[in-house]
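Both backbone and side-chain heavy atoms feed into the values below; hydrogens, waters and symmetry mates do not. Residue numbering restarts at 1 for every chain, and letters A, B, ... go by the order of the sequence lines.
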2 protein chains.
Amino acid sequence: MNGYIVRMPGPRFTLDRSSPVPLYFQVAEQFEQAILSGEIAPGERIDNEIALAKDLGLSRPTMRQAIQVLVDKGMLVRKRGVGTQVVHGKIRRSVELTSLFDDLSAAGQKPRTEVLAVGKVAAEEDVAHELQLKVGEDVWSLERLRYVGKQPLAVMHNFIPVDVVDLDAVDLAKTGLYAHMRSSGILMRVARQRIGARGAGAEEAELLGEKKGAPLLTMARTAYDNAGRAVEYGRHAYRPDLYAFELTLVDR
Amino acid sequence: MNGYIVRMPGPRFTLDRSSPVPLYFQVAEQFEQAILSGEIAPGERIDNEIALAKDLGLSRPTMRQAIQVLVDKGMLVRKRGVGTQVVHGKIRRSVELTSLFDDLSAAGQKPRTEVLAVGKVAAEEDVAHELQLKVGEDVWSLERLRYVGKQPLAVMHNFIPVDVVDLDAVDLAKTGLYAHMRSSGILMRVARQRIGARGAGAEEAELLGEKKGAPLLTMARTAYDNAGRAVEYGRHAYRPDLYAFELTLVDR
DNA sequence: GTCAACCCTTTGTCCTGACATATTGACGTC
DNA sequence: GACGTCAATATGTCAGGACAAAGGGTTGAC
């Protein structure tokens, strides 16, 4: 734990070379903090890569990798021949491979989940197609109603191949589906989402406390694990007055 | 014995070192092509980085950079100690810093645009806030109706600071707004989007050929140039039966 | 005064080399 | 046969150096 304090244009960075956290990540984290706290103002230029690397006792590739993390997040912009600037401080976390449950927990809300139905069903055509199965094969079907406070927020319908996890033994009202899958060793690495809208059906409307035909925000998503296997397909409908998707795009 | 068959660059990649296109990008492009064409099947492992680099006469960092491009696109997945696999072939291009016009053009559709109104207006509070202006300052206001074929697809309302571009001299029915901004030297590098849904207002409904209260897919977006300046704020409403947002998420 | 040519700064690309760490399969012991 | 250990394999991280290319400012010619 050899701490390393460096004096920079504004912020001081500390590096711990004995930590398992990669150096470039340590730098990126502290840079992000300095930007979010306003220590480095939007529009301001940061020192050039070579000087930064030298000041921190790092190589230039490592310094570049750290900066790249924030460029990918949309917080910094590089301009060849000019330098690297802060774009803007407040960045909404882009849509990630997290669940609504995670989102709300992070926001300090108290989400509650009601399991409407769970069991094995025969895969219909679209489900089978998304999960790379044959029509009629068994899949878990899980229907849940999500509340935030006392308000119903979303109707969620997930399909999961039976050989991925076992849903019988779990209390899904307490544990998020994704948390359960993670703890079962399922790592979701890539997901495809499709966001749209439609009018509420009679049953949905009833569940969400809306009228039939009321506008709903929909999201269908297929998640793949690190072997490329489809491990989850979900179709969800949200009350648009309570939920929206935010994302930050970066042109590279 | 090595019971598994490792896939080589069976397609011999061609590299042009005199080209201005970076080597890592040349490799990434050809790899992508091989994956999309099915030459390398989903789930298949590709050769390890060192062997690939050697075969192509590249250094390992360059090879890694090439692979990283496809990992970022969600086409490949790396597993330490194991190798790199193809996830799945058909990847929808993730939401990018392009416009609907670009999207439809790329899809071979023939989009048509009707300019409903264009002119300078005093910025209201939300517009001023998004564009980093003061309330009451002049901004361009541009309302358009987008058709695909004969069907109205979207109502688009854009706001642009007056010192960014001049909209008077342009035929916005023929030229996309973004294309015009690009040709004016405005480079959009970062954008924040918020996707939601709501019922159609009376005017919108009329324009889109829907009934009042019909579900619409909405997207609000603020774009920033490479100096961090807000250059565009737009509020758009889409007919959900004709349009949806697709994106691919990658966990890194 | 205008504009082109030049130089300096900074990021972009690419190379070689090294060690760390996660994963898997094979081997050996009990 | 079950289980722990070890080695092989492949990616992850990091160092240090070199040249290319783009942008911006300065200088000089006209």
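Salt bridge status for D126(B) with R235(B): present, with a side-chain N to carboxylate O gap under 4.0 Å. By the 4.0 Å N-to-carboxylate-O rule, R192(B) lies too far from E246(A) to be salt-bridged with it.
Closest contact between the side chain of R17(B) and the listed nucleotides dC14(C), dT11(D), dG23(D) involves dC14(C). Side-chain proximity of R80(B) to the nucleotides dT21(C), dC14(C), dG16(D) is greatest for dT21(C). Side-chain proximity of V82(A) to the nucleotides dT11(C), dG23(D), dG12(D) is greatest for dG23(D). Here the nucleotide nearest the side chain of R64(A), chosen from dA15(D), dT13(C), dA10(D), is dT13(C). Residue P61(A) has its side chain nearest to dA15(D) when only dA15(D), dG23(D), dT11(D) are considered. The side chain of E49(A) lies closest to dT11(C) when the candidates are dC14(C), dG16(D), dT11(C).
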- Run the side-chain contact (heavy atoms from CB on, under 4.5 Å) check on Q68(A) and R78(A) step by step: do they pass? CA-CA 9 Å; Q68(A) 189 62 43; R78(A) 293 201 233 242; 2.3 Å; yes
- Message: One pair to check against side-chain hydrogen bond (donor to acceptor under 3.5 Å, both in side chains): D16(A) and Q26(A). What are the steps and the verdict?
- Response: CA-CA 8 Å; D16(A) 180 1; Q26(A) 292 183 37; 5.8 Å; no
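Under the 4.5 Å side-chain criterion, counting only non-hydrogen atoms from C-beta, V118(B) is in contact with V115(B).
Checking side-chain atoms of E130(A) against main-chain N and O of V127(A) turns up no donor-acceptor pair under 3.5 Å.
Summary of the strand contacts: P20(A) and G81(A) both lie near DNA chain C, and taking for each the nucleotide with the nearest heavy atom, the more 5' one is attributed to G81(A).
Nucleic acid contact class of S59(B) (heavy atoms, under 4.0 Å, all strands): base. Contact annotation for L58(A): backbone-only contact, meaning every heavy-atom pair under 4.0 Å involves sugar-phosphate atoms and none involves a base.
In this model, the phosphate group of dA15(D) is approached by a side-chain N or O of T62(A) to a distance below 4.0 Å at OP1 or OP2. At the phosphate of dT16(C), neither OP1 nor OP2 sits under 4.0 Å from any side-chain N or O atom of R60(B). For the pair Y24(A) and dT13(D), the criterion of a side-chain N or O lying under 4.0 Å from OP1 or OP2 is met.
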- For DNA chain D, the dot-bracket pattern of Watson-Crick and G-U pairs whose distances stay under 3.5 Å, | for other-strand partners: ||||||||||||||||||||||||||||||
